[in-house]
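Single-structure report; data block below.
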Amino acid sequence: MAVLAKAYLVLYNVVLTLGWGVILVLSVKHLTEKKTNIGLYNSVETPLKIFQSAAILEVLHCAVGLVPSSVVITAFQVASRLFLTWAVAHSVPQVHDNAGVAGFIFAWSITEVIRYSFYAFSLLDKLPYILQWCRYTFFYFLYPIGVTGELVTIYSSLGYVSKSGLYSVSMPNRLNFSFDFHLFLMVVMFSYIPIFPQLYFHMIRQRKKVIGGKVKPQYLEVPTVQLKGWENFSQDAFVDFVCFEFKTK
C-alpha cells in the first residue's frame, strides 16, 4: 500500500509540474509573439482552470492521510486560489487583459513548476540542491508579484461587481439573508495587509534554516507512505500552499 501511495503522489506531482509548465510556456510564447499581455489569459484559461482546480486533490490527500498536513489549512489555501480563478477571473471577463492577471499567472506558474517538481524529487529521494535553492529563493520576488497581481485583479473587478450585483443577494427574500459580494471582495483585499508580511517573513526564516544548513531533511514515517521532509507540513501549508519545514536534529 505504501508503495502504491508513494507512486501515486509522485505521479500526481509530475503531472502537475507538467501542467503548470504548459501554462508557463504558453504565457511566455504569448508575450514573445504578441508583445503584450492582452489576450494572455485567454491563451492559458483552460489549462489554468484545470490544473488549479486539480489542487482540490491536495485536500483529499490530507483527509485520507496520504500527506500528514492539516486539512483545514490546506483547504483554506486551495480555496483562496480557486476563489481568484473562478469567482474573480472567470466570473469577471473585464479583468482578463489586466496586467494584474498576467502578474499572478506568471508568479503562480513558476512557483508551481518549482513546488511540484520539488515534491516529486523529494519523494524519490533525488532532490537536486539547485531545485531546493530555487524553492527557497524565488519567493523573494515571485510572492510579491503574485500578491500584487491578485490584489490588482480583485481591485479591477470591483467596478463591474458593484454595477452588476454579481453574486450579491439583497433583501427581502425568503431566507432573510443578504450578501454583498463587492464588500466581500474589499474585505478579502484588506485581509492581505496582516497576512502577507507574516507569510513572507516566515519564508525568509525558513530559507535561513534550510539553505543556511541549520536543519537537514529527514524521513518521517506515516501510516500510509514514507515521505521526506514533511514533518511540519501543516504549519507550512499556510505559505504558498505548502512549504517544507525540516525537523532539527
Side-chain angles (χ1 to χ4, degrees), residues 6 9-32 40 44 47-48 51-52 54-55 58 61 67 69 73-74 77-78 80-81 84 102-150 196-220 227-248:
K6 183 174 182 178
L9 288 174
V10 170
L11 178 62
Y12 171 81
N13 285 291
V14 168
V15 171
L16 269 292
T17 298
L18 295 175
W20 282 100
V22 168
I23 296 171
L24 179 59
V25 169
L26 289 176
S27 299
V28 172
K29 181 175 181 291
H30 177 87
L31 283 185
T32 54
L40 187 149
V44 302
L48 175 66
F51 292 104
Q52 184 55 69
E58 295 180 21
H61 296 164
V67 174
S69 176
I73 294 177
T74 302
Q77 287 299 299
V78 171
S80 66
R81 284 279 195 92
L84 194 65
F104 78 69
I105 287 176
F106 270 101
W108 287 8
S109 56
I110 297 173
T111 297
E112 299 299 55
V113 167
I114 295 173
R115 185 169 75 95
Y116 285 114
S117 58
F118 179 96
Y119 295 165
F121 279 108
S122 294
L123 285 164
L124 296 171
D125 194 22
K126 300 291 184 180
L127 180 63
Y129 176 77
I130 185 62
L131 188 56
Q132 178 173 287
W133 184 87
C134 290
R135 170 68 174 157
Y136 288 98
T137 303
F138 280 24
F139 78 90
Y140 274 117
F141 61 91
L142 290 177
Y143 200 32
I145 291 174
V147 168
T148 301
E150 293 168 21
F196 170 73
Q198 296 183 53
L199 302 188
Y200 192 70
F201 287 113
H202 176 73
M203 284 294 291
I204 293 176
R205 290 192 296 270
Q206 290 305 102
R207 187 182 191 280
K208 291 180 179 178
K209 290 181 180 180
V210 177
I211 303 300
K214 294 183 180 180
V215 292
K216 298 180 179 180
Q218 294 185 11
Y219 282 100
L220 172 67
L227 305 178
K228 187 179 181 181
W230 292 26
E231 289 80 354
N232 294 318
F233 197 90
S234 60
Q235 296 177 17
D236 296 315
F238 202 70
V239 182
D240 192 19
F241 272 84
V242 186
C243 168
F244 286 41
E245 179 173 350
F246 300 120
K247 183 171 62 179
T248 306

Within a strict 4.5 Å, meaning less than it, do heavy atoms of the [X] and [Y] side chains meet?
X	Y	answer
Leu84	Trp108	yes
Phe106	Leu142	no
Tyr200	Met203	no
Arg207	Trp133	yes

Distance from [X] atom [atom1] to [Y] atom [atom2], nearest 0.5 Å?
X	Y	atom1	atom2	value
Leu123	Leu11	CG	CG	11.5 Å
Thr111	Tyr116	OG1	OH	11.0 Å
Ile110	Cys134	CD1	SG	10.5 Å
Leu124	Lys6	CG	NZ	6.5 Å
Lys126	Leu131	NZ	CG	14.5 Å

Is there a donor-acceptor pair closer than 3.5 Å between any side-chain N or O of Thr148 and the backbone N or O of Ile145?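 No, Thr148 side chain to Ile145 backbone: no donor-acceptor pair under 3.5 Å.
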Considering all heavy atoms, the nearest Arg81-Glu112 contact: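 Smallest interatomic distance, heavy atoms only, reads NH1-OE2, 3.3 Å.
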Does the ring center of Phe121 lie less than 6.0 Å from the ring center of Phe118?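 Centroid distance Phe121-Phe118: not below 6.0 Å, so no.
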Using ring centroids (six-membered ring only for Trp), state whether Tyr143 and Phe139 fall under 6.0 Å.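 Between Tyr143 and Phe139, which both carry aromatic rings, the centre distance is not below 6.0 Å.
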Pair up each side-chain donor or acceptor in residues 14-27 with any protein partner under 3.5 Å, not counting sequence neighbours, and list the distances.
residue : atom : partner : partner atom : Å
Thr17   : OG1  : Asn13   : O            : 2.7
Thr17   : OG1  : Ser117  : N            : 3.1
Ser27   : OG   : Ile23   : O            : 2.8

Is there any salt bridge (charged side-chain N to carboxylate O under 4.0 Å, His left out) pair reaching into residues 13-32, and which pairs are they, with sequence neighbours excluded?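 Output for this query lists Lys29-Glu33.
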Basic-acidic side-chain contact under 4.0 Å: Arg115, Glu58: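 A salt bridge links Arg115 with Glu58.
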Does the plane of the ring in Phe138 sit parallel, tilted or perpendicular to the ring in Phe141? Use 30° and 60° as the thresholds.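 Tilted, since the angle between the ring planes falls between 30° and 60°.
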Applying ring-ring contact (aromatic ring centres under 6.0 Å, His included), can you list everything that pairs with His61, at least two apart in sequence or on another chain?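 Here the qualifying residues are Tyr8, Tyr12.
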